[in-house]
Amino acid sequence: MRKQKRLAVINDFSGFGRCSLMVSVPIISAMKIQCCAVPTAILSNHTGYEDFFFDDYTDRMRPYYKKWEKLGLDFDGIYTGFLGSVHQVKIVEDFIERFRGENTAVIVDPVMGDNGKQYATIDDALCSELKKLLPLSTIITPNLTEACILSGIPYRSTGFSLNELLAVSERLREMGAENIVITGISDGNDICDFIRRKNGSYSLLRQPVSGSPHAGTGDVFASIIAADAVHGTDLEVSVKKAAGFVGKAITLSDELGIPAEDGVCFEEILGELI
Ligand code: PXL
């Protein structure tokens with residue numbers, strides 16, 4: 001009998017703005033995996049808007065997943081994203097320790113910032129603490145800003161050479177990361193994703209820029225990578241799929257006049273992931 005896979009997603013719930021759990025749950029479900037959410041914070045809308053309601057979930061997370069332990073749950077994958085406070089890093093470490101099995105894929109998306117800037121609720125202490133998750137991961141999916149923050153190598157919006165990407169990824173490997181996907185590397189009219197595998201091999205994948213930068217695209221991307229990792233899909237195949245899907249969603253969002261901060265209208269093409 002076929003056994004359906006199960007993926008735990010530790011991320012915030014932002015009601016409006018198409019990011020974090022609001023994109024992970026539908027995408028992972030469309031990819032035929034049972035998605036189980038652990039909220040890190042509840043927001044009215046993501047922090048890219050001028051104003052937002054923010055309810056930190058730090059104190060509720062342990063009692064929440066202790067009930068999962070009582071139910072005897074285990075997971076084929078654990079995917080962590082936006083954390084609501086510096087203390088949540090220890091909680092995530094504890095969650096991974098308790099729920100990871102021998103073959104559990106652990107996808108760490110070190111959500112900290114974009115375009116060279118940290119998000120509104122992310123401070124230096126949290127950025128520093130997040131480094132502790134790298135040795136627990138099987139795949140990390142930082143964007144270029146986050147890869148630079150983690151590695152300590154200065155960020156530039158354009159002109160990153162292959163040698164510089166190798167240096168950044170080497171530093172991340174020294175810090176404990178196994179498979180590394182650095183997203184959103186801008187190069188002329190192209191946008192590139194860089195893969196550095198556990199065995200040291202690498203690929204630089206490029207596609208033409210498809211439109212304006214929208215919020216939440218990193219979460220759409222990482223959700224596809226996480227679901228594919230649970231299925232055991234080859235990482236390069238998965239990165240191409242995620243990049244193609246995000247590119248198409250951006251083009252469509254621009255066509256429909258969706259403001260960049262409202263995210264991408266992935267709902268329109270969700271069926272393509274099924
Ligand atoms: O998409 C990343 C993200 C996730 N969660 C929250 C955010 C952001 C980016 O702004 O604010 C709450």
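Throughout, numbering of the chain's residues begins at 1 and tracks the sequence. All values below come from the heavy atoms of this structure, side chains included, with hydrogens, waters and symmetry mates left out. Read the numbers this way: they start at 1 and go in the same order the structure lists the ligands and their atoms.
Remark: Glu174 pairs with Glu170, Arg171 by the side-chain contact (heavy atoms from CB on, under 4.5 Å) rule, at least two apart or across chains.
Only the side chain of Asp219 comes within contact range of ligand 1, with a heavy atom under 4.0 Å; no backbone atom does. Contacts between Asn11 and ligand 1, counted as non-hydrogen atom pairs separated by less than 4.0 Å, are absent for every part of the residue.
Exactly one of Val111, Thr47, Asp219 qualifies for a side-chain contact (heavy atoms from CB on, under 4.5 Å) with Cys19. That residue is Asp219.
Note on ligand 1: Ser20 sits in its first shell, one or more heavy atoms being nearer than 4.0 Å.
Nearest heavy-atom pair across Phe95 and Val38 is CE1-CG2, 4.0 Å.
Taking any N or O of Asp12, backbone or side chain, at least one lies under 3.5 Å from an N or O belonging to ligand 1. Of the N or O atoms in Ser14, none lie within a sub-3.5 Å distance of an N or O in ligand 1.
Short contacts between ligand 1 and Leu43, defined as distances under 4.0 Å to a heavy atom of the residue, involve ligand atoms 12 (C).
Taking the side chain as every heavy atom from C-beta outward, Tyr202 and Leu162 approach each other to under 4.5 Å.
The shortest contact between atom 11 (O) of ligand 1 and any protein heavy atom is with Thr47 OG1, 2.6 Å.
One side chain, Thr141 or Asp109, offers a donor N or O that lies under 3.5 Å from an acceptor on the other.
For the ring pair (Phe, Tyr, Trp, His ring centres under 6.0 Å) condition, the pairs that include at least one residue of residues 15-50, sequence neighbours left out, are His46-Tyr49.
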